[in-house]
Engineer: 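Submitted below is the structure of interest, expressed as structure tokens.
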4 protein chains.
Amino acid sequence: MPSLASAKPKESFTPETRSALLSRLLAVRAHSLALAREWSAEDQALQSMPDASPTKWHLAHTSWFFEAVVLQPHQAGFSWFDARWAHLFNSYYEALGPRHPRPARGVLSRPTLAQVHAYRAHVDAQLQALAQDASADVWAAVAPLLELGLHHEQQHQELMLTDLLHAFSCNPLLPACISAPTTRMPTPALRAVPHSTHPTAARWVPLPGGVHTVGHAGNSFAFDNEQPQHQVLLQPYQLADRLVTCGEFAQFVADGGYQRPQLWLSDGWATVQAQGWQAPAYWLAPGDARAPSDGWQVFGLHGVQALQADEPVTQLSFYEACAYAEWAATQAESAGARLPTEFEWEAAFATHSLTQMTGHAWQWTRSSYAPYPGFQPFAGAVGEYNGKFMSGQQVLRGSSLATPAGHTRPTYRNFFPPAARWQFSGLRLAKDATC
Amino acid sequence: MPSLASAKPKESFTPETRSALLSRLLAVRAHSLALAREWSAEDQALQSMPDASPTKWHLAHTSWFFEAVVLQPHQAGFSWFDARWAHLFNSYYEALGPRHPRPARGVLSRPTLAQVHAYRAHVDAQLQALAQDASADVWAAVAPLLELGLHHEQQHQELMLTDLLHAFSCNPLLPACISAPTTRMPTPALRAVPHSTHPTAARWVPLPGGVHTVGHAGNSFAFDNEQPQHQVLLQPYQLADRLVTCGEFAQFVADGGYQRPQLWLSDGWATVQAQGWQAPAYWLAPGDARAPSDGWQVFGLHGVQALQADEPVTQLSFYEACAYAEWAATQAESAGARLPTEFEWEAAFATHSLTQMTGHAWQWTRSSYAPYPGFQPFAGAVGEYNGKFMSGQQVLRGSSLATPAGHTRPTYRNFFPPAARWQFSGLRLAKDATC
Amino acid sequence: MPSLASAKPKESFTPETRSALLSRLLAVRAHSLALAREWSAEDQALQSMPDASPTKWHLAHTSWFFEAVVLQPHQAGFSWFDARWAHLFNSYYEALGPRHPRPARGVLSRPTLAQVHAYRAHVDAQLQALAQDASADVWAAVAPLLELGLHHEQQHQELMLTDLLHAFSCNPLLPACISAPTTRMPTPALRAVPHSTHPTAARWVPLPGGVHTVGHAGNSFAFDNEQPQHQVLLQPYQLADRLVTCGEFAQFVADGGYQRPQLWLSDGWATVQAQGWQAPAYWLAPGDARAPSDGWQVFGLHGVQALQADEPVTQLSFYEACAYAEWAATQAESAGARLPTEFEWEAAFATHSLTQMTGHAWQWTRSSYAPYPGFQPFAGAVGEYNGKFMSGQQVLRGSSLATPAGHTRPTYRNFFPPAARWQFSGLRLAKDATC
Amino acid sequence: MPSLASAKPKESFTPETRSALLSRLLAVRAHSLALAREWSAEDQALQSMPDASPTKWHLAHTSWFFEAVVLQPHQAGFSWFDARWAHLFNSYYEALGPRHPRPARGVLSRPTLAQVHAYRAHVDAQLQALAQDASADVWAAVAPLLELGLHHEQQHQELMLTDLLHAFSCNPLLPACISAPTTRMPTPALRAVPHSTHPTAARWVPLPGGVHTVGHAGNSFAFDNEQPQHQVLLQPYQLADRLVTCGEFAQFVADGGYQRPQLWLSDGWATVQAQGWQAPAYWLAPGDARAPSDGWQVFGLHGVQALQADEPVTQLSFYEACAYAEWAATQAESAGARLPTEFEWEAAFATHSLTQMTGHAWQWTRSSYAPYPGFQPFAGAVGEYNGKFMSGQQVLRGSSLATPAGHTRPTYRNFFPPAARWQFSGLRLAKDATC
């Protein structure tokens, strides 16, 4: 990794007019508020675990990001909305000063939600003013940071949903994050996915080996971790044409999947035992006191619903995905199954031969999150955005039903620790061509 | 301890008319809401540590107590306001079913504060109806439980203040629990305490040894842990006529009190090191980034204020109280100082020769919390009220500025673990007559 | 507690000739080695939990105690056997410098056992030389410290047994600490206790209330925590004439004692759940894989043996003792049962009306470990011996089968935290006279 | 990963006579004892952390491996040396039954070291008998397992050294594992490495990109994780011709390397703060109380010695290696520095253009430990040998001064978690060809 000081600013975005960029930005900003509209101030203050943050914190942090990264260095006569808030809403940028402890974000009843809303309006107004007033030089520096902030905010939009869903999963009343699934869905990405009632078996799609080009190039936006574009060598392989379903995963559960150590990675089995895992995170076993029923149920954005056999299974950890694949390898119809690598996934995407690649569930891959050859972090403080997390995590590809519209790319690399199971994360099976 | 099954119901309350008891009860219930009036729904949902609970939880739990202990067994045609809430708002009564985990009370954004207010109104209405309609037999069973519930709610009123104060102490903005100290104080107990600017030295008041009667007797209400009345033998002793002040404690701090293991109990010193204690819990050292100042400041119900040298020191743990006493014993004016026992305190109370016995700060004693000779817990589920906590805790006597009016008794035994320091807990020095 | 600086040296020992004291001392020292004779160097290096220490460490620490407390201040031309060892073998004396971390005592393969034996011989020789050469003034200072060191070493002799027993209990092979129960018992206190095969019911012995004198006075040795002698007021009471037996405790287990929260102190029940307790520490349930059997077995100093119904139950925590008493209170023959206070025990001792008061099992009392009125710690560094542990612990009275001969006193106050269950600790029931 | 049941036995070993294999095997077995010869039974029982095991346990476990994997399934009339020991000395093979908890291996004073020696002799004799008596079919199954067990034992030989070194590092006396560096070194790999006193700057060796073949093929032994051989695509790169030295790492330390979060991976910085890291694991800062000196010293197999500026730095975690590389990237002579991937290392090995590739220190790579394309675990219980650890770990390449002779391969993949720092693990810098 080169010296941060010597890294060049990235200019990987489509040239467009100031007003076009600003318009896109403000639409994203508005969507954050729209997502949270249904939730009370009490809901928006919840933090149910150190890895998850309150909605209000997300709303403030994404505003702080613009204030600290765009306005502070580039706005003439800049002053903080409230100088103390930088301490509260900095997430992990060591270069931008000390921070309120992450596990204690839930204790911040102040600033109030109303104050955070005012903060957002203030930041939006300052960004608009900056876009109008900036010299060409300033704009050249500012525009890529606005673009970055826009995508940053979209990432937090997905977390707003998954973090609140986790918080609600800890409440025995199991409230719904989104009250009416069909009519009030605030984002196209949260569309209802139609399912046949009798899922057909997954089909294995053969895919060629050889040298493939992966990673992002060109002027459109991408994160530093998707770059540079480079070549990789693959062996011939096959991918399932769709994601693993709840019905299939229920067979794994019924077959003792959570009781058989031989199916699990060592760390995974230790986690199963330490955490008492028996099924995916939000599955309710028959008879669960919180919502008694004769069958399995699944808690999701719309509350508790009967398990839908043909829906993709989600809220899986990497460990569970691996164990499932190991088990599937012992089944006749999926002999030799394994997880794909991130490059197998990316190369397959280009073929348009598979379904459910995006918009349903992030797909765990067998690739650990590591720098691409020639990787250079973004210049400046935002150099901490991605690079420093490149250990101990696995790459997920695709996007989920909670990913905002416009935040999906074939080169996109999502990443989470292997035990994380509060995301809309599932899996697609792969196998060697020769299996 | 006798079998719970064989314990007799206590009838330790003053006979009064149904309407008189009901009137007292509803006044206490109304006071809970009055205390919280200033706080937003976000504030009232905060839980900053496992030992502290959200305001909203206190408001609901004190209502559940009446519903579960009074209405459920004694109201004809009883039905739960919401049967699922018993699980949420049971604190620690094993006999009354399983409970939501204590450390996770802060995740309960639902029921909302508005729903909890409705719950309170519902319970109040049911209690009123029961008081009107109950037969004499039922009333005889109900009245002591109402009296108990009333005092139970008063205990939680003090916790509402100390728990929120703790939560606010974790917010770097250090908000005030009570905005205007002189005019909006919702309870007489929260009165401003006038102080001279030049505190005089504490005076040692000699007190006689011999056999003293301690504990509660008679028809007025007392908790089971204050009973039965019995005799104890004391040696002649002396008590300071007032509490230890912030100014005095600041001398202990300045004299390296928190750096000298010889002054501390072994467990106390381990806690000092593990927690990094340097001063009482809510003291801000000169220059503290949250509210920079040249001198020590203290965070309290009204926010941050300069340390008042003649105010009683509060928010002390038992360990700190002991270490202070050990240090004071090395000072000429307090040679031989130690903590009093709870019976020394109670016997001295009767002499009316001391100040600040109640209404300022709970006073740690050298007495561990143990059953009195002949102790019998309340009958039934409320037998879990006090007795099962009789290990690992120390007795505090008196009452604090946060104790509700009418909740003070000379025989009252408050108790907390030795490391607890989020209460209005301070100390009064004692010494042997011969020192 | 008075200032350590102002505390007077205690002179609470019987005048005797230098050679008599030295002779007693060397006999105790020799007994430590005799106790360990059967154990390999590997055995003697074991540490199975932070609260327990390796035999070798005990052997070295008790020698360091003499070196640091007696020789260093009082021997002309003193030099350390190895100056680095003071760091290794200081237990908890803050005044005597920093220490090797307690939980890491098991990592000290060096110094070797042979070196520790040499250390013991060296210290013994130095003590002998000091006894011969000391002036009268020096001897006056040294003699009480030798006496203290002698009793200190006896305390560690009991710990050598209980700590190794704990270590062996963690080895699935469950080795025996003492190979042949009848012939090789190294100390009279470890005698075989004859039992009838059909235990008779315990008999309740009535004992008078009133003012009783407790605590130690006179010239014979006692620890500071047994002093000063003082008077206490008791109410008439009854004590069981013998200890609770394994057979009785097995009934508690069979009656669901470990599954019924109502029987337990709150902290006790939390411990039961967190630790998965199902029976006393060293009981093996029928079918246990380590030593399969149809009935309950008990692991003890001689290895695994079938549960002896009429032997006193040992290796109990205070929590288990309390829960048993609570359960016993519900049984016809022991209605009203509770634990005695330490003063009830001490007053009863004087009546010679009870059996198994000493030599079988330490007896948990309902008294927390607190300073007596007028308590003064030993002067100097040994002031840390007892006083600083006076919080969070319960007093046990009597002595056990592992207590060395000559280390038993009616005023003796043993103390352990309420969850400790690796000692030979049991219980005797008490009840009020009126029950 | 394919079904374990369907995996084929590997036959990746050189055909040789029975006696040749047996002879190699017994030589390795004997070397284990030779390594430990200097250490007392007390030393050999030490366990200083859950990740490290006692020498005695290694000696027994490597014997159990042969007993459980070779003798049990393949020896006619097999019986266990002691059936209870399988529980004690199984490391992590779920298929082979439950195990004694890993963190509690240090509590096993029994079986004694002498008994473990007898166990080893017994197993050796049984293996000899089996080699003589086995039919051709049995031998065909047994030989690969003997080969595997031989290499398994060599792995434990290195751990015997690093685990004891860790244990000794926890002893303030800092004993030497190996008393006389030049004459008693039991293995050629532990040779003294000659150093110039003035290290020259590392030289960057340019290496070609393109398709490279990596991984093991052919009849000689390799672990399953080195297979199958396959092709990878590299970009042109450069590697330093030697390892990073202690002198270079000391500059990183002196330049505030351990105080600058920007140099660290996020998890690494969290570890630095949680563990209080200030320098490599076994470095003693000037003035350290355990061996006071004016300069830095390093604790190693021969005890404490002054830091040798031109020796490779070892006992580094992956986090420290990454932070060092990040810092080196900011230095003129190493601009653009980063860690190599495991395939860059392997491709470079074939060029013979670099020094210190093996025999000095394992070299952290930027590659996480993952299965090769087409990876198949060994068949049977030994399928758990490698595959289940393929998450959360990084690959190290090369070998160290503690690696036994004959245990080095260019395709060898060692792996440890990123925070592990008790191995002889260091680093070699890489950079892109274009830097």
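Below, chains carry the letters A, B, ... as their sequence lines are ordered, and counting in each starts from 1. Keep in mind that the numbers below use all heavy atoms, side chains included, and drop hydrogens, waters and symmetry copies. Nothing here was measured: the structure is a model prediction, and the numbers come from that model.
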Engineer: Look up atom CH2 in B:Trp269 and atom CD in C:Glu94, then write down how far apart they are to the nearest 0.5 Å.
Structural biologist: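 These two atoms lie 7.0 Å from each other.
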Engineer: Between B:Gln394, B:Gln331, B:Gln235, who has the most heavy-atom pairs with chain C when the cutoff is under 4.5 Å?
Structural biologist: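 With the most close heavy-atom pairs to chain C, the winner is B:Gln235.
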Engineer: For C:Tyr369, which residues count as a side-chain hydrogen bond (donor to acceptor under 3.5 Å, both in side chains) partner, sequence neighbours excluded?
Structural biologist: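 Applying side-chain hydrogen bond (donor to acceptor under 3.5 Å, both in side chains) to C:Tyr369 gives C:Asn225, C:Asn386.
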Engineer: Among C:Ala370, C:Ser367, C:Gly374, which residue forms the greatest number of heavy-atom pairs with chain B at distances under 4.5 Å?
Structural biologist: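 The candidate making the most pairs under 4.5 Å is C:Gly374.
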Engineer: Which atoms of C:Tyr237 come close to chain B, meaning under 4.5 Å heavy atom to heavy atom: side chain ones, backbone ones, both, or neither?
Structural biologist: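 For C:Tyr237, there is no contact with chain B at all, as no heavy atom is under 4.5 Å.
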Engineer: What part of B:Tyr319 gets within 4.5 angstrom of chain C, counting heavy atoms only: side chain, backbone, both, or neither?
Structural biologist: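 The answer is the side chain of B:Tyr319.
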Engineer: Under the salt bridge (charged side-chain N to carboxylate O under 4.0 Å, His left out) test, which residues partner B:Glu248, sequence neighbours left out?
Structural biologist: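 By the salt bridge (charged side-chain N to carboxylate O under 4.0 Å, His left out) rule, B:Glu248 matches B:Arg242.
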Engineer: Heavy-atom pairs under 4.5 Å with chain C - which of B:Ser266, B:Pro417, B:Ala328, B:Pro373 has more of them than the others?
Structural biologist: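 Highest number of heavy-atom pairs under 4.5 Å: B:Ser266.
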Engineer: If every non-hydrogen atom of B:Val232 is compared with every non-hydrogen atom of C:Leu233, which pair is closest and at what distance?
Structural biologist: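 Nearest pair, atom of B:Val232 first, then C:Leu233: N-CD2, 4.0 Å.
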Engineer: Can you tell me how far CD of C:Glu384 sits from CD of B:Gln262, rounded to the nearest 0.5 angstrom?
Structural biologist: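 Taking CD in B:Gln262 and CD in C:Glu384, the distance rounds to 5.5 Å.
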Engineer: When only pairs under 4.5 Å are counted, which of C:Val211, C:Leu234, C:Asp432, C:Thr341 shares the most heavy-atom pairs with chain B?
Structural biologist: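 Between C:Val211, C:Leu234, C:Asp432, C:Thr341, the count favours C:Asp432.
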Engineer: What are the two closest heavy atoms between C:Leu265 and B:Ser391, and how far apart are they?
Structural biologist: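 The answer is CD1-CB, 3.8 Å.
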Engineer: Quick one: what part of C:Tyr92 sits under 4.5 Å from any heavy atom of chain B, side chain, backbone, both or neither?
Structural biologist: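 Nothing of C:Tyr92, per the 4.5 Å heavy-atom cut-off to chain B.
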Engineer: If you round to the nearest 0.5 Å, how far is CE of B:Met390 from OG of C:Ser368?
Structural biologist: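 So the gap between those two atoms works out to 12.5 Å.
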